[in-house]
Amino acid sequence: MTEAATEVEQVLQKISFIEKDIELHKNILVSMKENQKQEMEEIIGKIVEMKNRVDELKGSIAEIDPEVYAQIIKLEEGTARFKKIVEARTLAQVVTLDQVGECRIDLLDGGQFECLVKALDDKGNWIGLTHDGDVVEFGAEEIMEL
């Protein structure tokens with residue numbers, strides 16, 4: 001592994017830890033009572049600080065390895081598009097790569113799309129988010145899936 005790759009990996013680990021901390025603080029915030037306004041404001045302030053730190057760390061990735069940074073941004077944008085699409089539909093099934101160890105959409109024409117996540121809507125259409133951050137959609141008539 002190159003020195004740049006090692007640096008990027010370390011930054012990504014820091015980002016991951018901070019994002020987990022943000023989620024923890026969000027859960028704390030949700031569990032607080034309405035009369036704890038000062039404490040709520042403090043938690044919100046911490047969340048904002050942590051989000052700013054994540055942005056700074058992402059910026060440092062851009063300096064270390066602009067290509068990796070571009071991939072991260074593309075994946076984030078693809079994730080946002082995927083979420084927007086699936087939120088507008090009634091889903092019958094969602095499969096994630098980390099859930100089952102494999103996530104792929106198989107097409108009748110023999111094509112395959114490896115994905116991070118795929119969702120089946122109530123009309124039998126599949127929507128997938130690829131490893132590259134691309135969002136793919138296929139009609140029920142195009143896929144081999146059940």
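One-based numbering along the sequence shown. Just so we're clear, the structure is a prediction, and the values are computed from it rather than from any experiment.
Taking both residues in full, the closest heavy atoms of Gln93 and Trp126 are given as OE1-CH2, 3.8 Å, listed atom of the first, atom of the second, then distance. Here the closest heavy-atom approach between residue Met40 and residue Glu34 is recorded as CE-CA, 3.9 Å. For Cys103 against Val95, the heavy-atom pair with the smallest separation is SG-O, 3.7 Å. Contact between Ile43 and His25 at its shortest, heavy atoms only, is CG2-O, 3.5 Å. Here the shortest heavy-atom pairing between Leu91 and Val94 reads CD1-CG2, 3.7 Å. What you find for Leu75 and His131 is that their closest heavy atoms are CD1-O, 4.1 Å.
Once rounded to the nearest 0.5 Å, the distance linking CD1 of Ile127 with CZ of Arg89 reads 4.0 Å. Here CG of Asn52 is found 10.5 Å from CD1 of Ile18. Values are rounded to the nearest 0.5 Å. The line from CD of Glu7 to CD of Glu63 is 10.5 Å long, rounded to the nearest 0.5 Å. Atoms CD and CD1, from Gln10 and Ile64 in turn, are 8.5 Å apart once rounded to the nearest 0.5 Å. The distance from atom NZ of Lys118 to atom CZ of Arg104, rounded to the nearest 0.5 Å, is 8.0 Å. Distance CD/Glu39 to CD/Glu42: 6.5 Å, rounded to 0.5 Å.
When side chains are defined from C-beta on, Ile44 counts as touching Leu29, because their heavy atoms get closer than 4.5 Å. A heavy-atom distance below 4.5 Å is found between the side chains of Lys51 and Ile22. Residues Ile85 and Val135 are in side-chain contact: their nearest non-hydrogen atoms beyond the backbone lie under 4.5 Å apart. Residues Val117 and Leu97 fail the side-chain proximity criterion, which asks for heavy atoms closer than 4.5 Å. Considering only heavy atoms from C-beta on, Ile72 comes within 4.5 Å of Leu12 through its side chain. The side-chain heavy atoms of Thr79 and Leu116, taken from C-beta on, include no pair separated by under 4.5 Å. Leu129 has its side chain out of reach of Cys115: every pair of non-hydrogen atoms, C-beta onward, lies at least 4.5 Å apart.
Between the side chain of Glu41 and the backbone N or O of Gln38, no donor-acceptor pair lies under 3.5 Å.
Taking the side-chain contact (heavy atoms from CB on, under 4.5 Å) definition, one finds that Ser16 meets it with Lys20, sequence neighbours left out.
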* To do: Please test Arg53 against Glu56 for salt bridge (charged side-chain N to carboxylate O under 4.0 Å, His left out), starting from the C-alpha separation and ending with a verdict.
  => CA-CA 5 Å; Arg53 180 68 180 137; Glu56 288 173 21; 3.3 Å; yes
Problem set entry | Residues Asn125, Leu120; criterion side chain to side chain contact (heavy atoms under 4.5 Å, CB included); working and verdict | CA-CA 6 Å; Asn125 303 310; Leu120 175 66; 6.0 Å; no
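At a threshold of 4.5 Å between side-chain heavy atoms, the hydrophobic network of Ile, Leu, Val, Met, Phe, Trp and Tyr places Phe113 and Phe82 in two separate groups. The hydrophobic cluster containing Val86 does not contain Ile143, counting ILVMFWY residues as joined when their side-chain heavy atoms lie under 4.5 angstrom apart, directly or transitively. Transitive grouping of hydrophobic side chains (ILVMFWY, heavy atoms separated by less than 4.5 Å) brings Ile28 and Ile47 into a common cluster.
Among pairs with a residue in residues 107-117, those fulfilling side chain to side chain donor-acceptor pair (under 3.5 Å) read Asp106-Gln112, at least two apart in sequence or across chains.
A 6.0 Å sphere centred on NZ of Lys14 holds no more than 12 heavy atoms belonging to other residues, nucleotides or ligands. For CD of Glu67, the number of neighbouring non-hydrogen atoms (other residues, nucleotides, ligands) closer than 6.0 Å is 12 at most.
Comment: Lys26 engages Glu23 in a salt bridge, judged by a side-chain N to carboxylate O separation of less than 4.0 angstrom. A salt bridge is absent between Asp21 and Lys46; no separation between the charged side-chain nitrogens and carboxylate oxygens falls under 4.0 Å. Comment: Lys58 engages Glu76 in a salt bridge, judged by a side-chain N to carboxylate O separation of less than 4.0 angstrom.
Looking only at atom types and distance, the side chain of Asp98 has a donor-acceptor partner in the side chain of Thr96 under 3.5 Å away.
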